[in-house]
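Working notes for the structure below.
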Amino acid sequence: MSSQSIKNRGRVRVPSSTIEVLSRHLEHVALTDPTSDLPTLAEVLDAVPDPRHRRGRRYRLGPLLALSLLAVLSGATSLAKITRFIAGYDPDLRTQLGLPATPLATSTLGRLLARLDGDAFDAATCAYLSAITPGHPPETTTQTITAASTTLLGLAVDGKTLRGSRTGDSVTHLLAAVRHDTQTVLAQRQVEAKSNEIPAFTPLLSGLDLSAMVITADALHTQAEHARQLVAAGGHFLFIVKANQPTLHRRLKALPWRETVLNDRTDERGHGRREIRRMKICTTRPGLPFPHAAQAIQVKRRRTDLKTGKTTIVTIYAITSLPPGRVTHAQLAALIRGHWSVEALHHIRDVTYREDACKVRTGAAPRILAGLRNLAIGLTRLIGWTNITAATDHYRSHPADGLQLIGLTT
């Protein structure tokens, strides 16, 4: 489902200021400013194909999935907790949403999620996040790159295995594209195993407008064909290079780094460590065995544990299609660091939402729950929350704010 098709389906009250929404939620004041033509999330989810027979549908799909999202948003980490959360809503509200007043059985919800079309669910939810995400990030964000009157956005591609979904030799593995600045998932696909991420790379990005994007990816996706397809689509790439590309890695290491000037240096403290990053850039020599590679990059990362005093030094090599002068050195360094946003998203899903501990394994259910976690994180980020744990505590304590957030109340 495209962002435009979403916009044509109805209306939802979306606040004009993310800071205003956050402050109103914290003050428990109702939102009153209709400023968007977007549908409610329940309407978007109602468009996902319903696998149930018409005669057996006692629960409307869209509102049920929307309330499941609110349960996840409030910290529910299992199907049983989701159904208990939904049962806690006022029976009149459930009736208003087209749901029966009787409690929902955990097994019923599990069977429904297992039978859903995962591709359709991801398409609908990712298009919704894309539609409500500002086209251009705030001016203060370090992952925003403006040059030649064009703003470039960082988009990180990475995969994650849902460890709790393992059954024998089968496990759910998801590949996602995540905006650096907002941590919103714009596309997601399921692949059979980590080795199958490579053929899933192009289909993952095929529905996105890449003309103002810089795609960042780890060494697994440093593939010549990926580079050609991204550039043909009007985008740019920034790929890490490791030993899985031995010839390219050897050529990069052989560049005259000792004679190259230092282009950027950062010194940061946090999480009990100090990290110094030194970046050098070399315009690639003719014959570098990678298509559209315009610059080579070396990053030396010196990390010191402030408690033990232990220091580790790691050297990273990367290549990019961005030509010299297209972005500043600091912006290029920010793009490299910005790829961490997808790792941070996966960390939140594991730590806050206990994704790897979730033992849901049947059908599409693991993927659907992962998609709900993506939605919960994306929505809270977009309205200004910087601490997802604090956000889950807030919406657990103030469910009316959650209903308001996804447009189920006016």
Side-chain angles (χ1 to χ4, degrees), residues 1 48 113 116-130 133 153-167 169-180 182-210 213-230 233 235-242 244-245 335 338-350 353 355-356 358 360-361 363-378:
M1 182 183 296
V48 176
L113 298 187
L116 285 179
D117 184 330
D119 289 338
F121 180 85
D122 279 337
T125 55
C126 290
Y128 178 79
L129 280 175
S130 178
T133 301
L153 301 177
L155 190 68
V157 174
D158 197 19
K160 183 180 188 300
T161 298
L162 310 185
R163 302 187 188 281
S165 68
R166 185 177 299 278
T167 54
D169 295 332
S170 177
V171 65
T172 300
H173 188 84
L174 302 174
L175 183 66
V178 182
R179 271 183 60 157
H180 287 193
T182 59
Q183 223 170 46
T184 48
V185 178
L186 302 190
Q188 182 169 269
R189 292 179 67 89
Q190 182 169 340
V191 296
E192 292 183 5
K194 191 172 181 64
S195 61
N196 287 332
E197 279 190 20
I198 294 175
F201 183 90
T202 299
L204 174 76
L205 301 174
S206 62
L208 301 179
D209 180 3
L210 303 181
M213 295 283 188
V214 180
I215 308 302
T216 63
D218 60 19
L220 178 66
H221 293 291
T222 305
Q223 305 290 331
E225 190 57 31
H226 290 356
R228 294 188 186 97
Q229 291 166 343
L230 289 176
H236 287 284
F237 63 82
L238 197 163
F239 291 158
I240 302 298
V241 179
K242 293 184 179 179
N244 64 318
Q245 293 280 357
L335 269 176
H339 182 72
W340 178 80
S341 61
V342 66
E343 300 291 343
L345 175 76
H346 295 163
H347 180 76
I348 292 168
R349 279 165 43 184
D350 281 340
Y353 297 116
E355 182 167 82
D356 280 352
C358 182
V360 175
R361 300 169 177 172
R367 178 180 183 178
I368 302 301
L369 290 176
L372 291 175
R373 296 177 192 116
N374 288 339
L375 268 177
I377 296 168

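When reading the values below, keep in mind they use all heavy atoms of this one structure, side chains included, and skip hydrogens, waters and symmetry mates.
Between L186 and M213 the shortest side-chain heavy-atom distance falls below 4.5 Å. Contact check for Q245 versus Q223: side-chain heavy atoms found under the 4.5 Å cut-off. Looking at heavy atoms from C-beta onward, L162 lies out of side-chain contact with V360 at the 4.5 angstrom threshold. Proximity of L175 to H221: side-chain heavy atoms (C-beta onward) are separated by under 4.5 Å at one or more points. Taking 4.5 Å as the limit, some side-chain heavy atom of L129 sits within range of a side-chain heavy atom of L375.
Put simply, the residue from K160, Q190, R367, E197 that forms a side chain to side chain donor-acceptor pair (under 3.5 Å) with H173 is E197. Checking D122, L113, T125 one by one against I368, the side chain to side chain contact (heavy atoms under 4.5 Å, CB included) holds for a single residue, L113.
In terms of modelled atom types and a separation under 3.5 Å, the side chain of S130 and the main chain of A127 share no donor-acceptor contact. In this structure, the side chain of D158 does not engage the main chain of E343 through any donor-acceptor pair within 3.5 Å. Using a distance-only test at 3.5 Å, with no hydrogens or angles considered, a donor-acceptor pair links the side chain of S165 to the main chain of T172. Distance alone, capped at 3.5 Å, is enough to place a donor-acceptor pair between the S341 side chain and the G338 backbone. For the pair R361 (side chain) and G164 (backbone), a donor-acceptor distance under 3.5 Å is present. Between the side chain of T222 and the main chain of I240, a donor-acceptor pair closer than 3.5 Å is present.
In this structure, L210 CG and Q229 CD are separated by 10.5 Å, a value rounded to the nearest 0.5 Å. Taking OG1 from T216 and CZ from F239, the interatomic distance works out to 9.0 Å, rounded to the nearest 0.5 Å. Expressed to the nearest 0.5 Å, how far CG of L220 lies from CG of N244 amounts to 7.0 Å. A distance of 10.5 Å separates CD1 of I215 from CG of L238, quoted to the nearest 0.5 Å. The distance from the CG atom of L369 to the CG atom of N374 is 11.0 Å, given to the nearest 0.5 Å. With values rounded to the nearest 0.5 angstrom, L230 atom CG is found 4.5 Å from F201 atom CZ.
Across A370 and L174, no two heavy atoms sit closer than the pair CB-CD1, 3.6 Å. Nearest heavy-atom pair, A177 versus L205, reported as atom, atom and distance to 0.1 Å: CB-CD2, 3.9 Å. Between T184 and G378, the shortest heavy-atom distance links the atoms CG2-CA, 3.9 Å. Counting all heavy atoms, side chain and backbone alike, F237 lies closest to A227 at CE2-CB, 3.5 Å. I198 approaches H226 most closely through the heavy-atom pair O-CE1, 3.2 Å. When all heavy atoms of L335 and G154 are compared, the closest pair comes out as CD2-CA, 3.9 Å.
By the side chain to side chain contact (heavy atoms under 4.5 Å, CB included) test, A176 pairs with V178, V185, Q188, sequence neighbours left out.
Taking the six-membered ring where the residue is Trp, H180 and H339 present perpendicular rings, their angle passing 60° and hence far from 30°.
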